[in-house]
Visitor: 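Let me begin by handing over the structure; questions about it come next.
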Protein chains: 2
Amino acid sequence: MAADPDDGGPTGAQRSDEPDPGHLPDVDELVVDGQERPSDRVPLSRERILSTALHSIDEEGLAALTMRRLGARLGVEAMSLYRYVPGREALLDGVVDALVGELDHDADVLRSPEHGWQDFLQRMAHGVRRMAIAHPKAFPLIASTPPEAPWLRPPLRSISWVETFLSGLVQQGFSDEEAVAAYRAFTSFLLGNLLLEVSQRGGAVGPLDLVDEEEPVGGLDDAPIVRRLARRLGEDRALQEFEESLESLIDRISAQVLGGSGA
Amino acid sequence: MAADPDDGGPTGAQRSDEPDPGHLPDVDELVVDGQERPSDRVPLSRERILSTALHSIDEEGLAALTMRRLGARLGVEAMSLYRYVPGREALLDGVVDALVGELDHDADVLRSPEHGWQDFLQRMAHGVRRMAIAHPKAFPLIASTPPEAPWLRPPLRSISWVETFLSGLVQQGFSDEEAVAAYRAFTSFLLGNLLLEVSQRGGAVGPLDLVDEEEPVGGLDDAPIVRRLARRLGEDRALQEFEESLESLIDRISAQVLGGSGA
DNA sequence: ACCTGAACACCGTTCAAGT
DNA sequence: ACCTGAACACCGTTCAAGT
């Protein structure tokens, strides 16, 4: 946890009001300019490590997240982390889990489809989008980490999520085949749209995000059309794009379901 | 551009028979088991560095590409590379350019739309897909490198490419607005689909790609539907997905163009 | 002109040792 | 039980020096 509100001494054991790794409380509590006072004796824990790692990525980007720096942020030497996390790779996997876990705290997302599957897909899509936008620099991690199983397609990298998705559709009358097809189409839609949105918002980048804003269009001498459309291409249409694309995806699934067997 | 053909050597200037970084000749010429004999005196050059880097990524993945190892592969110390490439970040940018440059050598891709824009989009989409599949481990690089300009949306990270795309559509009667909308939809379609396909094919991963094949479905105890659909989810439907999704995208664009002003 | 040796600051990771 | 010092192998990068 970034810094969970309890500095619970060794006595209290784990208190269940402690927010879990996914759901982050307000940024910066206890953590003063990136480093705790050594006198704080909040004990290390996997949760605290993962959530601090996520905060760190949010603030400084992926490249700046180092075992040693993360240790410093936690007021500890790097080697201590290995007691809770097997290594850097595993740390990043944990961050992905923490990210995905945030969705479980989004009231809108995991409810079953009571207003039809179209509404269900809308809610899920927008839930994932909120998560992506909340963590633009961490989101690419979700896409580039290996897909340990074929049924975990980015960005839906949580079994419980996938279960909710598939069972929701089946429950709405989709055949197995239709549900799987919808799942595939839905994931690539989300991945493409959100990755692009997030990278446009200045994610992905390393520590060199000092982009001169309104640069005067360089290197476009051999690209007259691009130059003509440059201003239009620069407009932020991310939300509209997302909604139109989602609408179209839903239409497509709809046609498939109606044209085939049921619903 | 990948590497503009002029590296103006002092004497002979550039030899045009040397393959450029994008278009790779057959693997392993000169390079014997990953390391040249020191007596070979093929001089270093930006092209040679970039194309060797791409080969290295294809073979060993992104994480294994190190300035020092790349130097070794080229029969040279790491420091020598800095004469041709400003640093590792720039090296990776160069690799992206080399990758994108490959498309320029794909006869099918860059022809203007003589058989209508639908066919044009089909050719472009499949061209990019061929490139992604030829370099599954390098492709994610295209998605995660910063988008230096808003008109260069991954995976179409070459101005000349974007120019061809947009001018092709405009030439087919698209309004500026329609062309830009189509460009946006097309890029997110490509990115989502290809990134997923490539990661399923075992790209992205670090050096730990020793995946037990046919693992007996672990951790699915709380996910009965996923378990039931596991086999179906594991099937490789990448090509069909791609074609259906592309077809649907073209339909969507078609409706927009017909419903709006022209064509 | 082109490459290298040596050095610097920084990594991830291990392990015996401290408290 | 939890953390650390010291060490190892490996990074990216700089720069004066070699040829």
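Naming convention: chains lettered A, B, ... in sequence-line order (proteins, then strands); numbering from 1 in each chain. Quick note: numbers below take in every heavy atom, side chains included, and nothing from hydrogens, waters or symmetry partners.
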Visitor: Among B:H55, B:K137, B:R73, exactly one meets side-chain hydrogen bond (donor to acceptor under 3.5 Å, both in side chains) together with B:E60. Which residue is that?
Guide: B:R73
Visitor: Enumerate, in order of first residue number, the stems that involve DNA chain D, defined as 3 or more consecutive Watson-Crick or G-U wobble pairs with both distances under 3.5 Å.
Guide: C:4-8 with D:12-16, C:12-16 with D:4-8
Visitor: Can you tell me the distance, in whole Å, between the CG atom of B:L81 and the C1' atom of C:dA1?
Guide: 16 Å
Visitor: Donor-acceptor check, side chain of A:R88 to backbone of A:L65, threshold 3.5 angstrom: yes or no?
Guide: yes
Visitor: C:dC2, OP1 or OP2 - any side-chain N/O from B:S80 closer than 4.0 Å?
Guide: no
Visitor: Can you tell whether the side chains of B:D221 and B:R227 come within less than 4.0 Å, N to carboxylate O?
Guide: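 Looking at B:D221 and B:R227, the cut-off is met.
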Visitor: Measure the distance from CG on A:L70 to P on C:dG12 and round it to the nearest whole Å.
Guide: 10 Å
Visitor: Out of the candidates A:M124, A:M131, A:R130, only one should pair with A:V128 under the side chain to side chain contact (heavy atoms under 4.5 Å, CB included) rule; please name it.
Guide: A:M131
Visitor: Starting at CD of A:E77 and ending at P of C:dC11, how long is that distance when rounded to a whole Å?
Guide: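 Atom-to-atom, A:E77 to C:dC11, this comes out as 13 Å.
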Visitor: Under 4.0 Å between a Lys/Arg side-chain N and an Asp/Glu carboxylate O for A:E235 and B:R184?
Guide: no
Visitor: Would you mind classifying the nucleic acid contact of B:T66 as base, sugar-phosphate or nothing, using non-hydrogen atoms under 4.0 angstrom?
Guide: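 Sugar-phosphate, no base atom in range.
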Visitor: Taking 4.0 Å as the cut-off, does a side-chain nitrogen or oxygen of B:R69 come that near to OP1 or OP2 on D:dC11?
Guide: yes
Visitor: Output yes when B:E197 and B:R129 qualify as a salt bridge under the 4.0 Å nitrogen-oxygen rule, no when they do not.
Guide: yes
Visitor: Apply side-chain hydrogen bond (donor to acceptor under 3.5 Å, both in side chains) to A:T187 and list each qualifying residue two or more places apart in sequence or on a separate chain.
Guide: A:R153
Visitor: What N/O pairs connect the protein and nucleotides 13-19 of chain D at under 3.5 Å? Give each pair on its own line.
Guide:
unit_1, atom_1, unit_2, atom_2, d
D:dT13, OP2, B:Y82, OH, 2.8
D:dT13, OP2, B:R88, N, 2.8
D:dT13, O5', B:Y82, OH, 3.3

Visitor: Using atom CG of A:L65 as one end and atom P of C:dC10 as the other, report the distance to the nearest whole Å.
Guide: 17 Å
Visitor: Please report the closest heavy-atom contact between A:R157 and A:V96, naming both atoms and the distance.
Guide: NE-CG1, 3.5 Å
